[in-house]
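Sequence positions, counted from 1, serve as the residue numbers for this chain.
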Amino acid sequence: MHSFGYRANALVTFAVTILALMCAMASISDNFNHPSPSAHVEVLNINWFQKQSKGNDEVSMQLNISADLQSLFTWNTKQVFVFVAAEYGTPKNSLNQISLWDGIIPSREHAKFWIHTSNKYHFIDQGSNLRGKEFNLTLHWHVMPKTGKMFADKIVMTGYRLPEEYR
């Protein structure tokens, strides 16, 4: 007959194997979800556009951010991290990304939202490259599951331009 230690070891090994199998099935089930999120970001006003004393351009703007990210949520989703970034190119860097706003969506009920805000983080270019610059506003999201791998995606909104002159 086996001792208590052997029986406990067999029971724990079996339980961990079943738990690992369930986690793997949960992670695989997320591959069958095909989300179709939608978003729109509108620049309502450029509050100020100025050159700092160090020579860097700085912009403050009013934004309307609306999004429906409910399709990102499954039974395995813990939360979704979402942020809006301004993206543009300069002669020195082909891609500059500046985060303007971010948030954490804890549940499906909060995943459809409309926010009127000014940029939460400073829109500053290291140099004076922003006058008349075209830029994209991109809504990025990172889905954080309860188990399995995280995944990220984005919606790019084009057609924005900064003023030619400082104000």
Side-chain angles (χ1 to χ4, degrees), residues 26-27 30-167:
S27 182
D30 278 344
N31 293 330
F32 298 113
N33 182 35
H34 301 289
S36 56
S38 62
H40 180 71
V41 179
E42 182 181 4
V43 177
L44 297 176
N45 186 33
I46 304 290
N47 297 332
W48 75 77
F49 179 36
Q50 63 190 12
K51 188 174 192 117
Q52 295 179 326
S53 59
K54 296 179 181 176
N56 299 328
D57 286 348
E58 180 179 13
V59 182
S60 173
M61 57 181 80
Q62 291 286 324
L63 303 170
N64 271 349
I65 304 167
S66 61
D68 183 359
L69 305 177
Q70 292 177 328
S71 63
L72 297 175
F73 282 83
T74 66
W75 66 274
N76 190 32
T77 304
K78 181 176 181 181
Q79 64 187 12
V80 176
F81 175 71
V82 61
F83 68 97
V84 174
E87 300 178 342
Y88 61 96
T90 60
K92 190 175 182 181
N93 300 307
S94 61
L95 178 64
N96 295 284
Q97 292 181 314
I98 299 173
S99 181
L100 302 177
W101 172 87
D102 66 6
I104 295 175
I105 303 171
S107 65
R108 181 186 296 263
E109 292 76 31
H110 297 97
K112 191 171 187 176
F113 60 89
W114 179 85
I115 297 170
H116 175 79
T117 185
S118 55
N119 46 309
K120 188 175 177 180
Y121 305 106
H122 295 284
F123 186 169
I124 299 173
D125 180 66
Q126 296 176 343
S128 53
N129 298 306
L130 293 181
R131 284 180 293 173
K133 179 64 72 180
E134 288 187 18
F135 66 99
N136 298 330
L137 289 176
T138 305
L139 182 83
H140 296 262
W141 62 83
H142 297 262
V143 177
M144 299 170 192
K146 294 174 184 164
T147 182
K149 66 177 184 155
M150 286 186 8
F151 74 91
D153 207 349
K154 64 186 174 184
I155 296 175
V156 178
M157 292 152 277
T158 61
Y160 301 96
R161 179 182 285 280
L162 289 168
E164 294 287 339
E165 301 296 323
Y166 297 119
R167 355 177 168 163

Quick check for you: to the nearest 0.5 Å, what is the distance between [X] atom [atom1] and [Y] atom [atom2]?
{"X": "N129", "Y": "N96", "atom1": "CG", "atom2": "CG", "value": "8.0 Å"}
{"X": "L130", "Y": "D57", "atom1": "CG", "atom2": "CG", "value": "4.5 Å"}
{"X": "H116", "Y": "S66", "atom1": "NE2", "atom2": "OG", "value": "13.0 Å"}
{"X": "I65", "Y": "M157", "atom1": "CD1", "atom2": "CE", "value": "8.5 Å"}
{"X": "F49", "Y": "R131", "atom1": "CZ", "atom2": "CZ", "value": "7.0 Å"}
{"X": "I46", "Y": "M61", "atom1": "CD1", "atom2": "CE", "value": "4.5 Å"}

Taking [X] for its side chain and [Y] for its backbone only, find out whether a donor-acceptor pair lies under 3.5 Å.
{"X": "K149", "Y": "M144", "result": "no"}
{"X": "D125", "Y": "N56", "result": "no"}
{"X": "K51", "Y": "E58", "result": "no"}

Parallel, tilted or perpendicular, as decided by the 30° and 60° cut-offs, for the rings of F113 and W101: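 Ring orientation, 0 to 90° scale: tilted.
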Does the side chain of [Y] come within less than 4.5 Å of [X]'s, by heavy atoms?
{"X": "F81", "Y": "V143", "result": "no"}
{"X": "V80", "Y": "I104", "result": "no"}
{"X": "L137", "Y": "L100", "result": "yes"}
{"X": "K146", "Y": "W75", "result": "no"}
{"X": "S118", "Y": "L63", "result": "no"}
{"X": "Y88", "Y": "I98", "result": "yes"}
{"X": "P145", "Y": "M150", "result": "yes"}
{"X": "T147", "Y": "N76", "result": "yes"}

Quick one: closest heavy-atom pair of [X] and [Y], and the distance?
{"X": "F135", "Y": "A86", "value": "CD1-CB, 4.2 Å"}
{"X": "A67", "Y": "L139", "value": "CB-CD2, 4.3 Å"}
{"X": "S36", "Y": "S71", "value": "N-OG, 2.9 Å"}
{"X": "L72", "Y": "P35", "value": "CD2-CB, 3.6 Å"}

Between D102 and K120, does any side-chain N to carboxylate O distance fall below 4.0 Å?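 A salt bridge links D102 with K120.
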Would one find more than 12 heavy atoms of other residues, nucleotides or ligands at under 6.0 Å from atom CD of Q126?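 Open.
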Kindly state whether the ring of Y121 and the ring of F123 have centres lying under 6.0 angstrom apart. no
Step by step, would you call T74 with F32 a side chain to side chain contact (heavy atoms under 4.5 Å, CB included)? CA-CA 10 Å; T74 66; F32 298 113; over 6 Å; no
Which residues pass the side chain to side chain contact (heavy atoms under 4.5 Å, CB included) test with A111, sequence neighbours left out?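 A111: side chain to side chain contact (heavy atoms under 4.5 Å, CB included) contacts with L69, Q70, F73, I105.
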Does anything in residues 151-164 pair up under side chain to side chain donor-acceptor pair (under 3.5 Å), and if so which pairs, sequence neighbours excluded? E134-R161
Testing the 3.5 Å rule here: is there a donor-acceptor pair between the side chains of H110 and Q79? no
